[in-house]
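Okay, so here's the structure we're looking at.
Just so it is clear, the model here is predicted, and its values are computed rather than measured. Throughout, residue positions are numbered sequentially from 1 according to the sequence presented.
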Amino acid sequence: MIPGSFDYHAPKTLAEAVALLGRYRDDAKVLSGGQSLLPLLKLRLGSAAHLVDIGRIPDLEYVREEGGFLKIGGRTRESALEHSELVRRKYPLLAETADVIADPLVRNLATVGGNLAHGDPANDHPATMLAYGAEVVATGPKGARTIAIEKFFTGLFATALAPDEILTEIRIPVPAGTSGGSYVKLERKVGDFATAAAAVQVTLGKGGEVEKVGIGLTNAGPTPVRATAAEQFLRGKKPDGAAIAQAAKLAAEAASPSADRRGSVEYKKNMARVLTGRALTKAVARAQGA
Ligand SMILES: Cc1cc2nc3c(=O)[nH]c(=O)nc-3n(C[C@H](O)[C@H](O)[C@H](O)COP(=O)(O)OP(=O)(O)OC[C@H]3O[C@@H](n4cnc5c(N)ncnc54)[C@H](O)[C@@H]3O)c2cc1C
């Protein structure tokens, strides 16, 4: 289908882009990789009178460690994560997430900032960023502010970004040496959105007990889900089979998926349990250096 008509803007600076968003407010949309926005406009599930393309603004595409964080520019493409040696070596949860998003064609265009800003609980990065305890940087007319990822997803397709703010950076705390992570996704076919998926990031203490753990679930409710009861249960415990099984059960209890072509509520909750168990097992093995 053909989208409704819109004015296309291609600002060359961040300030110009923010000013355009401020001028047109709810009539404007940021255009990044276009992999979610353009299908929505074409299917007429959404509309915008003004598209503000942020693709010509310099310095929004990078992946680097700095000041205790892995910093990802808001317009960094999925393919950049996929091919980053640093990400593959030190951030397996992030690498595994990028690997299972759509297909290579989409990943060459889709951006990490867009994946979060879209506010779609079926997208893969939200759960991963919840597990990492990440924060995002939003730049607006008054400058930049940071938003904890837990406060970022405010509803179905809704985020804490104001209409005149651009997501300019994602910050993941650099994990301690005894850390490991994993993303495990069930999809009907390669490239599909998740039937269910679990993101786990864990840090072990000196005695092998769980010191820090983050668990996020994809497509498990109207917003991305953080399995806080499961995290709380694991903290301070040895992550053996019984503890992992109980944590996985608690994670599934935090899920409130809806039934659709991908399965019933019961099936999806059970998959959330199974996948959390697998992701925890893998993350713990990585943290143990296996
Ligand atoms: C065939 C196909 C399969 C897909 N499969 C998956 C999948 O398996 N997993 C998955 O997670 N996703 C999947 N997607 C969705 C898509 O990959 C992501 O949503 C994508 O990462 C969005 O990024 P984008 O840069 O393309 O955003 P856009 O489409 O440009 O924008 C999406 C939304 O976010 C806003 N936005 C974008 N960037 C910013 C910013 N920097 N600041 C403020 N607002 C912003 C836009 O205004 C818009 O509302 C798939 C898409 C397609 C087409």
Side-chain angles (χ1 to χ4, degrees), residues 1-62 71-78 101-102 106 109-127 129-130 134-171 193 219 221-226:
M1 275 172 68
I2 297 171
S5 65
F6 53 80
D7 284 346
Y8 173 80
H9 305 267
K12 294 208 172 62
T13 66
L14 200 52
E16 216 185 307
V18 168
L20 282 164
L21 292 174
R23 188 178 315 151
Y24 299 117
R25 309 278 313 172
D26 291 337
D27 288 336
K29 278 265 172 214
V30 171
L31 173 65
S32 191
Q35 295 306 293
S36 285
L37 183 58
L38 296 183
L40 277 184
L41 296 180
K42 281 184 170 178
L43 293 167
R44 305 243 177 173
L45 293 171
S47 64
H50 298 270
L51 290 192
V52 179
D53 186 346
I54 58 172
R56 286 171 182 75
I57 301 171
D59 304 328
L60 285 179
E61 294 189 48
Y62 51 85
K71 295 186 174 176
I72 304 168
R75 221 194 159 281
T76 304
R77 293 152 213 254
E78 298 298 344
I101 289 176
V106 171
L109 293 167
T111 66
V112 190
N115 197 288
L116 297 173
H118 194 44
D120 185 348
N123 275 359
D124 293 294
H125 278 302
M129 297 305 169
L130 281 170
E135 57 190 36
V136 302
V137 178
T139 304
K142 292 187 190 138
R145 67 179 177 121
T146 52
I147 307 168
I149 198 73
E150 276 188 61
K151 302 226 163 94
F152 186 70
F153 304 106
T154 53
L156 186 63
F157 295 106
T159 71
L161 288 173
D164 56 357
E165 282 184 320
I166 296 173
L167 194 166
T168 46
E169 190 172 86
I170 300 110
R171 295 180 179 166
F193 287 93
N219 231 348
T223 55
V225 171
R226 184 166 166 206

Legend entry - His118: ring pair (Phe, Tyr, Trp, His ring centres under 6.0 Å) partners, not counting sequence neighbours: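 Partners of His118 under the ring pair (Phe, Tyr, Trp, His ring centres under 6.0 Å) test: Phe157.
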
Looking only at heavy atoms, what is the nearest atom pair of [X] and [Y], with distance?
X: Ala138; Y: Ile147; answer: CB-CD1, 4.0 Å
X: Leu60; Y: Ile54; answer: CD1-O, 4.3 Å
X: Pro11; Y: Ile57; answer: O-CG1, 3.7 Å
X: Asp124; Y: Asn115; answer: N-OD1, 3.9 Å
X: Ala10; Y: Arg56; answer: CB-NH1, 3.6 Å
X: Pro141; Y: Val18; answer: N-CG1, 3.4 Å

With a 4.5 Å limit on heavy-atom distance, are the side chains of [X] and [Y] in contact?
X: Leu167; Y: Phe152; value: yes
X: Tyr24; Y: His9; value: yes
X: Pro126; Y: Leu116; value: yes
X: Arg145; Y: Glu165; value: yes
X: Leu31; Y: Leu38; value: yes
X: Leu51; Y: Leu41; value: yes
X: His50; Y: Leu20; value: no
X: Thr223; Y: Thr154; value: no

Legend entry - Worked verdict on Ile101 versus His125 for side chain to side chain contact (heavy atoms under 4.5 Å, CB included): CA-CA 9 Å; Ile101 289 176; His125 278 302; 3.6 Å; yes

Inset, instruction - Go through the structure and list residues passing salt bridge (Lys or Arg N to Asp or Glu O under 4.0 Å) with Glu78, not counting sequence neighbours. - result: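 Once residues adjacent in sequence are excluded, Glu78 has no partner under the salt bridge (Lys or Arg N to Asp or Glu O under 4.0 Å) criterion.
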
Just by modelled atom types, is the [Y] backbone N or O under 3.5 Å from a matching donor or acceptor in the [X] side chain?
X: Asp120; Y: Ala122; value: yes
X: Arg75; Y: Thr111; value: no
X: Arg44; Y: Ile2; value: yes

Inset, instruction - Output, in order, the C-alpha distance, side-chain angles, deciding distance and verdict of side chain to side chain contact (heavy atoms under 4.5 Å, CB included) for Met129 and Val112. - result: CA-CA 11 Å; Met129 297 305 169; Val112 190; 4.2 Å; yes

Inset, instruction - State the CG-CG distance between Asp164 and Asp26, to the nearest 0.5 angstrom. - result: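 Going from the CG atom of Asp164 to the CG atom of Asp26 covers 10.0 Å.
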
